[in-house]
There are 2 protein chains.
Amino acid sequence: MGKSATKDSDVARSTITAPKLAAKWRKLAEARCAAANERLTPARLAAYAELLASKRPVSAYELIALMEDRQQRKIAPLTVYRHLDFLTRVGLVHRLESTHSYLPCDHPEHAHESQYLLCSSCGHADEVESKPLESILNKIADQRGFQPENTVVEIKGLCASCATSDSD
Amino acid sequence: MGKSATKDSDVARSTITAPKLAAKWRKLAEARCAAANERLTPARLAAYAELLASKRPVSAYELIALMEDRQQRKIAPLTVYRHLDFLTRVGLVHRLESTHSYLPCDHPEHAHESQYLLCSSCGHADEVESKPLESILNKIADQRGFQPENTVVEIKGLCASCATSDSD
DNA sequence: TGGCGAACGTTATAACATATCATTTGAACC
DNA sequence: GGTTCAAATGATATGTTATAACGTTCGCCA
């Protein structure tokens, strides 16, 4: 099968659909991939666009469902895990360890650790960039001769609006 | 079967075996349970003893295997998850989010957040207690009106001894 | 244009976690 | 001692998250 000029796989590739992706994000993705010497394929871009289109962090299997819905075909878990792995590797996406979910980085201009406030009520994830926090984490590691590669900071609780509406 | 004075279940309960548990840890467990108004059952204590006997963090399924080996009977995942849930709840055990594993708290004298240095080479988990870190985390939450309930800090990398032996 | 490594697809399975419902336990009270 | 009731446990099934193994396709570049 698929020996004609237009192969099956070409069709599959050419028909990858994705949410509309603002030029800003596409350019960012291209820049990051160029910097990391990685390929930005349509499938990878589609996964990224899907995460950007979501209001909240999504699990890998939610992402599979979203992409299957949009593209009207089966997508294997491993495929999506590879996209997520790639997007995480180049710094476009962060993984939330405590909820097993993924979301686009809010401050992707530069590489940085993942630090979040996670609301257990509404599910909102608020990315934090705190120099003092980073420096204290580095200091803790340093004092113990520990070489940090990657640090997870996830503060779970109630966000301002949920806390207000709960406690009235 | 089992209608005699000594029921099967009695036998099962009475035959729960566990690693030797230093009096220090047993008393701590009793104190914590009393404080939390929770029951310290033989099965819960056995799970705790097994974690204490392990040199490294263990996954839930590793713990199942350890307990099955020691007790020579099948143990359902849910059973062990309930023990882990209990031990975590009363503060005797911490869960490592980034490795899906569990380990006894090193500083169980008082309740506190879980903060670890995790070596990706040897698997060692080094518990940290840093007041400055806690105060920064609280400040970050505070500035945003966020009410923290539980915070995860996991610094992944190479511990001092692995870093040394790797980089020679 | 042919060779090569990265990316992708497919199938299967491993690893982690919870739902449901029946049964047992143990402490409190009479 | 017996009754009662919530907590703990057991058994079975299932849901969720993640990876292994292996072959094919893609896209670059010599």
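Lettering of chains follows the sequences in order, A, B, ..., and the numbering in each one begins at 1. Predicted, not measured: the structure shown is a model, and the values here were computed from it.
For A:L63 and D:dT16, the CG to C1' distance is 15 Å, given to the nearest whole Å. Atom P of nucleotide C:dA17 and atom CG of B:L84 are separated by 9 Å, given to the nearest angstrom. If you take CG of B:L78 and P of C:dT23, they are 17 Å apart, rounded to a whole angstrom. When the P atom of D:dT16 is taken as reference, atom OH of A:Y81 falls 12 Å away, rounded to whole Å. Remark: P of C:dA7 and CG of A:D85 are 10 Å apart, rounded to the nearest angstrom. We find that CG of A:L87 is positioned 10 Å from P of C:dC8, with the value rounded to whole Å. Rounded to an integer number of Å, the gap from CD1 of B:I75 to C1' of C:dA17 is 17 Å. Look at NE2 on B:H83: it is 16 Å from C1' on C:dT18, rounded to the nearest Å.
The closest donor-acceptor contact from the side chain of A:T88 to the backbone of A:L84 lies under 3.5 Å. Of the possible donor and acceptor atoms, one in the side chain of B:E113 sits under 3.5 Å from a partner among the backbone N and O of B:T151. In this structure, the side chain of B:Q115 does not engage the main chain of B:V153 through any donor-acceptor pair within 3.5 Å.
For D:dT9, the OP1/OP2 oxygens have a side-chain nitrogen or oxygen of B:T41 closer than 4.0 Å. Taking 4.0 angstrom as the limit, A:S59 places a side-chain polar atom (N or O) nearer than this to OP1 or OP2 of D:dT17. Look at B:R44 and you'll find a side-chain N or O under 4.0 angstrom from OP1 or OP2 of D:dA8. Regarding contacts with the backbone of C:dT24, every side-chain N or O of B:R39 stays at 4.0 angstrom or more from both OP1 and OP2. OP1 or OP2 of D:dA18 lies within a sub-4.0 Å distance of a side-chain N or O belonging to A:R95.
The base of C:dG9 lies outside donor-acceptor range of the side chain of A:R73, with no N or O pair under 3.5 Å.
Between B:H94 and B:H112, the ring-plane angle classifies as perpendicular under the 30° and 60° cut-offs.
Per the stacking criterion (ring centres < 5.5 Å, plane angle < 30°), A:Y61 stacks onto the base of D:dT17.
Side-chain atoms of A:Y102 lie closest to D:dA18 of the nucleotides C:dA7, C:dT18, D:dA18.
Atom SG of residue B:C105 and atom CD of residue B:E129 lie 7.0 Å apart, to the nearest 0.5 angstrom.
Mapped onto DNA chain D by nearest heavy atom, B:A76 and B:H100 fall at different nucleotides, with B:A76 at the one closer to the 5' end.
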